[in-house]
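Scroll down for the structure; my scribbles are underneath it.
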Amino acid sequence: MAAKRPHVTRESTENMYDPKDVEERWQAFWKQNRTNEPSLSQAADPFFNLMMFPYPSAEGLHVGNLYAFTGADVYGRFQRLRGHDVFQPVGFDAFGIHSENFALKVGIHPMDLIPANIMNFTRQLKRSGIMYDWTHTVDTTDPEYYRWTQWIFLQLYKAGLAEKKEAAVNWCPSCKTVLANEQVISGRCERCHSAVGQKTLSQWFFKITQYSQRLLDNLEWIDWSETTRMAQRNWIGRSEGATLRFQVAEGSEEAVSVFTTRPDTVYGATFLVLAPEHPLVYRFVPESHRATVDEYLAATAELDLVERKKTDKEKSGVFTGGSAVNPATGESVPVWIADYVLMEYGTGAIMAVPAHDQRDFEFARAYDLPIRPVVAPAGSVDQGSDSADLSVPAIDAAFVEHSADEVLINSGPFSGRAATEAGEAIVESLAERDLGEPSVNYRLHDWCISRQRYWGSPIPVVYCDECGIVPVPESDLPVVLPRLEQFKPSDDGIAPLAKSAEFYRVECPECGVEARRETDVSDTFLDSAWYFLRYPSTDVSDRAMDADRTRRWLPVDMYIGGEEHAVLHLLYSRFITMALSDLGYVDFEEPYKKFRKHGLLIRDGSKMSKSRGNVVIPDQYIGSHGADTFRAYLMFLGPYTVGGDFRDQGISGPHRFLHKVWDAVHSCVEAAAGAGDGGGRELDEDIERKLHQTIKQITEDFAELSFNTGVAALMEYLNAIRAQGRTPLRPEVEPLVIMLAPVAPHLCEQLWEVLGGQPSLFDEAVWPEYDASKLVADSVRIPVQVNGKLRGTVQVSRGASADTVRDAAMAEEGVRRHLEGVEVRKTIHVQDRLLNLVVG
RNA sequence: GCGAAAGUGGCGGAAUCGGUAGACGCGCCAGCCUUAGGAGCUGGUGGCCUUUGGCCGUGGGGGUUCGAGUCCCCCCUUUCGCACCA
């Protein structure tokens, strides 16, 4: 039996790693010493590390929340160890339909439920060791918070950015409230997935569309995940084209405007289609057609958005009986109504060019309307001629190409010109007769913020018969949400607060006559659109934001959150910030310097859900393994920005690792005490190189949120220390403790102290720097290939010449065998990397 | 339909200015230590074969190259956005 290698493991059982003890001790220390509370008014090197605040559900903290927070926390602690003053607050996004529905279900009032949930969340978060500054939290349901949400509404109102208007809005029949466009996913409510209908109601809108172009332009330079920027770009949906006017009769003042991206095809516009909701619909309907039109409009009104927006259904529509004038040809074209034209996009009316638009083509086929080709495929007609035949070709689809190669036909003076260039010329000529102009259209809509629900911030407005809409004076804020015992939403679109005379009866702030409060509450997304602005100023009671602190801490340095908010929260908060910037309240227009999305956790290969019964309860694992192990496992199980698969068995790897780190540090200190030195002897060259390589790797990995490879590198480094087969030395383990600290903060605080450091490590320790000259060895082992296949390796000194390497390679048995009887025709040598011998 | 990302051992995943594929971890196997072990330690672990050696191998098929997981073309699959957007 070979001699046993000395174990790094310690024999003694005192000083066993007990996560529970260690974690409780350091959590108490942090609290007592205010370790996680940077000086908001004086910090020299501020770094605002923000994570999306949770909705405090009754089920408690979900492992998905904790995954997100842990990654953000590792990043924040890393920045702190690198010398920044890190402000890392947390709060609760506690208003909203979700809480309200849950409260209705269990019969507990949200005003009782939410504080209990928040307490529970707070307890769970504190256990997990996240570096929150608990002295600066927000709770969106606290009147001291939503007072400023209401204040923001007033600022936008005064600036003309909030407007009450009657509009066809999305109505969720199950949540019994209107929804913003962003909350309708494929025709369904994002909350409850019911098919959304449409209602015409008077609602408050924020004019986010006024910011469309700026919101789009800034996407070019903000440092965000590319996929998120893409999602916003798509959502804003800019398209360039022209607005053209089809007069109701030759020379009439009255006209139907259409938006088109293909003005080059206007000569092929053989009919006009209005959305069923278009205000001019009845302008075209003679008595003879009234009945059929009525019938069609009634039928479409019945459809919910899921039905209405099905793209695979047959096109349906009805002839109005009227006609309008094609501005290019001067021809009279029939006006139709069809539900494939949407009131919410463009002008709610289109010029139909069946030959060159697939939808128009299908509609024309269904109703036997004329199809006139005006764009010829490249090469099919001679440039400059107009010889194409006017009969409809036997095509079964619209021809939609339009590059510089396609040529216009049947287009009067524009025939024979390239499609792209002719389009601009046509618009120009129509503009001369005031029948059109170039225009840009956006998909983005104004943000409907009214909600006919109870659990939200009241919209601070009063309606007076004398004065009209009167904003609540700022000095009267907050408009407090009263405790209503009956707060069920109703089908009629009337908000629960409308049943409380005590709430809505009010004197007009301007003239003093009896008036009525707005009884709708605002969208939860308004609460969350500005919460990060409040964090540094939570202890300031006379304004939303303290100017000095805002300047010091904002914009946010790093924001980490889920991609699901790519077009909701992230777009709204950009808009609110931009508006506040224009109003002079902040001096930046983009709220987040950097945004990174994290991935999603799945469990054993499938999505976590209550119905599958595979939801991970963090408490259970923190209880059994400790928060540090749980954190390390979450960070290790996959790439943070992609997500990963949570498997119970996997947690033991990081658990063992932390135990080994504990043992290594203790045995180092014990041995050093026994030897009477500090354990601070010189490192071997190999381990020193490994250390510097590790520092480089971890520093780069943590900076780009690659926590899984970072943790792996720490494990590898510890393996290298242990493989030396002797008691670890202080210069080996000390950097390990510092670099592991972001991941396992409690453990490392303890070990830092064991090493003789002054707590807190996060105040005292300095993130190690690597020495580039120590990254590589003097001698390197490089692979030798013959015809690209690996045949051996050789050890040569760094920088060795091709000849030296080849000589060494020739001495290798495995290489020589493959060179027998053949001629080396070519030698590829990449210095310090590889030698490839090409033989014939 | 459009757009984006991704397909690597039994599993989670490393490695993409082209240069020793499978780091790290789980699991598994063997040994040690133990009254015992679901603890700990040591070693091994992509597949196949005629096993001091060799062949194959990163979804499939082509290509470029001395050399391809990585670059190019085609195809398949999955996931996620958007979706009658005029």
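Protein chains get the first letters and strands the later ones, always in sequence-line order, with residue 1 at the start of each.
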Checking B:G27, B:U20, B:C85 against the side chain of A:Gln785 (C-beta onward), the nearest is B:U20

Looking only at B:G53, B:C24, B:C84, the nucleotide nearest the A:Glu716 side chain is B:C24

Quick note, A:Tyr345 side chain, CB onward, closest among B:A86, B:C26, B:C55 is B:A86

Ring centres under 6.0 Å, that's the criterion: do A:Phe707 and A:Phe636 meet it?
no

Donor-acceptor pairs under 3.5 angstrom involving side-chain atoms of residues 786-794 of chain A: please list them, not counting sequence neighbours.
from     : atom 1 : to       : atom 2 : distance (Å)
A:Asn787 : OD1    : A:Val839 : N      : 2.9
A:Thr793 : OG1    : A:Arg781 : NH1    : 2.6

Its glycosidic angle compared against 90° from 0, B:G61 adopts the form anti

Those residues at least two apart in sequence (or on a different chain) that pass ring-ring contact (aromatic ring centres under 6.0 Å, His included) with A:Phe595 are A:Trp224, A:Tyr559

Pairing partner of B:G67, by Watson-Crick or G-U wobble and under 3.5 Å for both distances, is none

Residues of residues 633-643 of chain A with a heavy atom under 4.0 Å from any atom of RNA chain B, listed by number, are A:Phe636, A:Leu637, A:Pro639

**OP:** Would you indicate, yes or no, if B:C85 has its OP1 or OP2 atom less than 4.0 angstrom from a side-chain nitrogen or oxygen of A:Arg238?
**Re:** no

Winner on side-chain proximity to A:Lys315, out of B:C84, B:C55, B:C26, is B:C84

Atom CG of A:Asn787 and atom P of B:C55 are separated, to the nearest Å, by 11 Å

